[in-house]
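The block underneath contains the structure these notes are about, expressed in structure tokens.
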Protein chains: 2
Amino acid sequence: MISRTRLTTVPREVKAAVVTAHPSLFNNAWINGVTMPFERNVEIFGEGEPAEYVYKVLNGSVRTYKVLSDGRRQITAFFLAGEIFGLESDGEHSYSAEAIDKATILVIRRCGMFSAAESNGEIAHQLWALTAAELKRSQNHALLLIKTAKERIAAFLLDMAQRLEGNGYVELPMSRQDIADYLGLTIETVSRTLTSFSEGSTIQFMGSRRIVLRNRSELRELNA
Amino acid sequence: MISRTRLTTVPREVKAAVVTAHPSLFNNAWINGVTMPFERNVEIFGEGEPAEYVYKVLNGSVRTYKVLSDGRRQITAFFLAGEIFGLESDGEHSYSAEAIDKATILVIRRCGMFSAAESNGEIAHQLWALTAAELKRSQNHALLLIKTAKERIAAFLLDMAQRLEGNGYVELPMSRQDIADYLGLTIETVSRTLTSFSEGSTIQFMGSRRIVLRNRSELRELNA
DNA sequence: CGTATTCTTGAGCGACTTCAAGTATGGTGG
DNA sequence: CCACCATACTTGAAGTCGCTCAAGAATACG
């Protein structure tokens with residue numbers, strides 16, 4: 001519809017140099033952090049608290065969210081093993097974070113990271129690229145929220161499949177309520193939509209949180 | 001419907017003397033860009049195109065947006081005078097940008113910015129902080145999209161008032177359709193809601209795009 | 001001054017929510 | 001290992017907010 005390619009004289013940059021899929025940041029020996037275990041549903045940090053650390057999920061999974069005064073909750077993102085969260089420019093967190101299940105988190109001091117970035121351009125660039133990637137994800141999330149319920153669920157399933165599929169199925173760590181709050185739907189709509197996908201053989205349940213994707217192309221079409 | 005004209009080459013002669021509002025980034029003499037004029041509804045860059053530049057609005061206003069295959073459009077953000085957009089980590093833009101009205105844009109090469117950031121930790125930090133601020137805004141936008149129509153409009157009005165109120169009123173540069181696509185509503189709902197605010201003396205129209213906020217606390221309460 | 005565009009208004013409809021049970025599931029102590 | 005309970009998930013029926021379709025009014029522009 002609107003895509004036309006534009007002629008340019010400057011060759012495209014080497015992508016690999018800029019985008020590291022799952023960034024090696026925090027693998028560097030000289031950035032030292034501590035690993036901390038968190039039980040299911042335990043808060044890692046709260047909205048409004050001073051942001052002194054940055055976090056990397058070693059195993060388990062995490063949700064970040066904002067709540068409105070009347071209790072409505074918007075989950076801004078899920079973070080799975082290997083992913084980094086808590087990067088914020090302000091001195092305080094603008095959202096809360098909780099462990100979805102038993103999780104191990106690597107906790108790194110912000111100031112240590114900054115000074116590392118200061119002295120090392122490569123680190124600084126990675127830090128920025130990571131934040132920019134997060135921004136992109138957030139924008140896609142907003143795009144998700146204008147879609148229909150079926151489309152949102154389809155997009156969610158494809159996303160989760162890509163991030164944590166193994167042995168032919170997807171094992172969701174989060175509850176229906178979490179999914180609902182991520183997709184801006186009610187828990188009933190999530191449940192009903194999943195049931196309808198199951199009845200149409202688009203997916204197959206092996207327990208309520210273990211799902212086999214049987215018809216990806218249909219999900220992809222819904223993903224518009 | 002929306003005309004698409006496009007730049008192919010960037011003229012070198014013009015050099016901007018930049019006066020700015022917000023971030024001091026791009027005020028530095030050694031980052032050189034060129035100012036370009038854009039007519040109303042003209043595309044600045046398109047989704048999927050190589051991202052070679054970063055942009056700063058000198059005057060006028062800009063919308064960035066994504067479109068779904070069936071034409072639904074999500075405006076991800078509005079950028080007003082002094083604000084910076086187009087910062088992306090990937091080699092290509094993940095959204096499109098258009099001038100809302102006659103706008104003047106400062107266009108800066110990405111690579112120049114990166115090398116500046118490389119050699120100057122302060123620049124690198126500003127670049128990151130700017131991206132992180134954008135992320136925060138995007139997350140707040142997602143939060144907006146779970147609210148009711150009235151709440152979304154209230155939040156929008158307060159946001160716009162803060163960013164461009166003058167002489168006691170807000171002069172909106174964007175159409176009702178733009179507002180609708182930003183808030184995930186239809187144009188009719190936007191219009192109806194504004195009318196109801198007006199009837200309740202929460203706001204007052206001085207022309208369809210010129211609005212006086214008469215009852216901010218009510219708008220703030222709606223902002224939950 | 002006429003035409004195109006933008007904005008408003010109305011009526012009916014539909015997707016998702018709300019309210020209300022009912023059914024699995026999983027963890028715990030006996 | 002089973003019985004129990006709490007939690008998580010599903011299903012149904014009715015309601016509602018925002019959408020769709022359809023005109024009509026206001027505004028901008030040549």
Side-chain angles (χ1 to χ4, degrees), chain A residues 39-41 63 68 70-74 98 100-102 144-154 156-157 171-200 203-211 222 224, chain B residues 1-3 39-41 63 68 70-74 100-102 144-157 170-200 203-211 222 224:
Chain A
E39 289 300 312
R40 184 178 118 93
N41 290 337
R63 60 177 167 254
L68 297 176
D70 66 351
R72 276 172 292 175
R73 181 181 67 156
Q74 170 68 240
E98 285 175 0
I100 290 176
D101 44 22
K102 209 184 261 280
L144 198 67
L145 296 177
I146 68 164
K147 298 185 183 182
T148 66
K150 276 182 100 164
E151 290 168 342
R152 294 185 213 194
I153 300 279
F156 174 77
L157 288 172
E171 184 93 50
L172 297 174
M174 72 289 287
S175 69
R176 296 288 189 268
Q177 188 63 61
D178 284 342
I179 299 173
D181 290 349
Y182 177 68
L183 297 178
L185 299 170
T186 59
I187 185 176
E188 294 94 334
T189 300
V190 170
S191 183
R192 270 186 259 268
T193 306
L194 285 172
T195 301
S196 98
F197 277 152
S198 171
E199 285 169 349
I203 62 172
Q204 183 183 341
F205 282 111
M206 299 169 64
S208 66
R209 293 191 184 187
R210 181 175 295 178
I211 298 175
L222 276 170
Chain B
M1 182 209 220
I2 290 177
S3 66
E39 289 300 312
R40 185 178 119 93
N41 290 337
R63 60 178 167 253
L68 296 176
D70 65 352
R72 275 172 293 177
R73 180 180 70 157
Q74 170 68 239
I100 290 176
D101 44 22
K102 209 183 260 282
L144 197 68
L145 296 177
I146 69 164
K147 297 185 182 182
T148 66
K150 276 182 100 163
E151 290 168 341
R152 294 184 213 194
I153 300 279
F156 175 75
L157 288 173
V170 182
E171 183 93 52
L172 298 174
M174 71 289 287
S175 68
R176 296 287 190 269
Q177 186 63 62
D178 283 341
I179 300 174
D181 290 350
Y182 177 68
L183 297 178
L185 298 170
T186 60
I187 184 176
E188 294 95 334
T189 299
V190 170
S191 183
R192 269 186 261 267
T193 306
L194 285 172
T195 300
S196 98
F197 277 153
S198 170
E199 285 168 349
I203 63 172
Q204 182 184 342
F205 282 110
M206 299 169 65
S208 66
R209 293 192 184 185
R210 181 176 294 178
I211 297 175
L222 277 169

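Not measured: the values here are computed from a predicted model. Residue numbers begin at 1 in each chain, while the letters A, B, ... track the order of the sequences.
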Test log, rule side-chain contact (heavy atoms from CB on, under 4.5 Å), inputs B/Lys147 and A/Leu68:
CA-CA 9 Å; B/Lys147 297 185 182 182; A/Leu68 297 176; 3.7 Å; yes
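If you take CD1 of A/Ile187 and P of C/dC16, they are 17 Å apart, rounded to a whole angstrom. Computed from coordinates, the A/Arg209 CZ to D/dA8 P distance equals 8 Å when rounded to whole Å. Residue A/Arg176 contributes atom CZ, which lies 14 Å from atom C1' of D/dT11 at whole-angstrom precision. Per the geometry, CZ belonging to B/Phe197 stands 18 Å off C1' belonging to C/dT9, to the nearest Å. Distance NZ (B/Lys147) to P (C/dT17): 18 Å, rounded to an integer number of Å. Between A/Asp178 atom CG and D/dC9 atom C1' there is a gap of 13 Å when expressed in whole angstrom units. What separates CG of A/Asp101 from C1' of D/dA8 is a distance of 15 Å, to the nearest Å. Between the CG atom of B/Leu172 and the C1' atom of C/dC7 there is a distance of 13 Å, given to the nearest Å.
Of the N and O atoms on the side chains of B/Thr195 and B/Ser198, not one donor lies less than 3.5 Å from an acceptor on the other residue. Counting only N and O atoms by type, the side chains of A/Ser196 and A/Glu199 include no donor and acceptor under 3.5 Å apart. No side-chain N or O of B/Glu188 forms a donor-acceptor pair with one of B/Ser191 less than 3.5 Å apart.
Between the side chain of B/Arg63 and the backbone N or O of B/Tyr182 there is no donor-acceptor pair closer than 3.5 Å. A/Asp178 places no side-chain N or O within donor-acceptor distance of the main-chain N or O of A/Ala180, the cut-off being under 3.5 Å.
Counting any heavy atom pair closer than 4.0 Å across all strands shown, A/Arg152 reaches no nucleic acid atom. Across all strands, A/Ser175 comes closer than 4.0 Å only to sugar-phosphate atoms, never to a base (heavy-atom distances). Within the nucleic acid shown, B/Leu194 has no heavy atom closer than 4.0 Å to any nucleic acid atom. Nucleic acid contact for A/Ser191: base, since at least one base atom lies under 4.0 Å from a heavy atom of the residue.
When side chains are defined from C-beta on, A/Leu172 counts as touching A/Phe156, because their heavy atoms get closer than 4.5 Å. Counting only heavy atoms from C-beta outward, the side chains of A/Leu185 and A/Arg152 approach each other to under 4.5 Å.
Here A/Thr186 does not reach the OP1 or OP2 of C/dC16: none of its side-chain N or O atoms lies under 4.0 Å away.
Look at B/Glu171 and B/Arg209 and you find no salt bridge, because none of the NZ, NE, NH1 or NH2 atoms lies under 4.0 Å from a carboxylate O. Using a 4.0 Å cut-off between charged nitrogen and carboxylate oxygen, A/Asp181 and A/Arg73 count as a salt-bridge pair.
Helix-axis bend for the helix from C/dC1-D/dG30 to C/dG30-D/dC1: the local axis fitted to the five terminal pairs at one end deviates from that at the other end by 50°, rounded to 10°.
With C/dC16, C/dT8, D/dC19 as the choices, the nucleotide that has an atom nearest any side-chain atom of B/Thr195 turns out to be C/dT8.
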Strictly under 3.5 Å: I want the nitrogen or oxygen pairs between protein and nucleotides 21-30 of chain D, one per line.
from   : atom 1 : to       : atom 2 : distance (Å)
D/dC21 : N4     : B/Glu188 : OE2    : 3.0

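Nearest-nucleotide mapping onto DNA chain C: of B/Phe205 and A/Lys150, the residue sitting toward the 5' end is B/Phe205.
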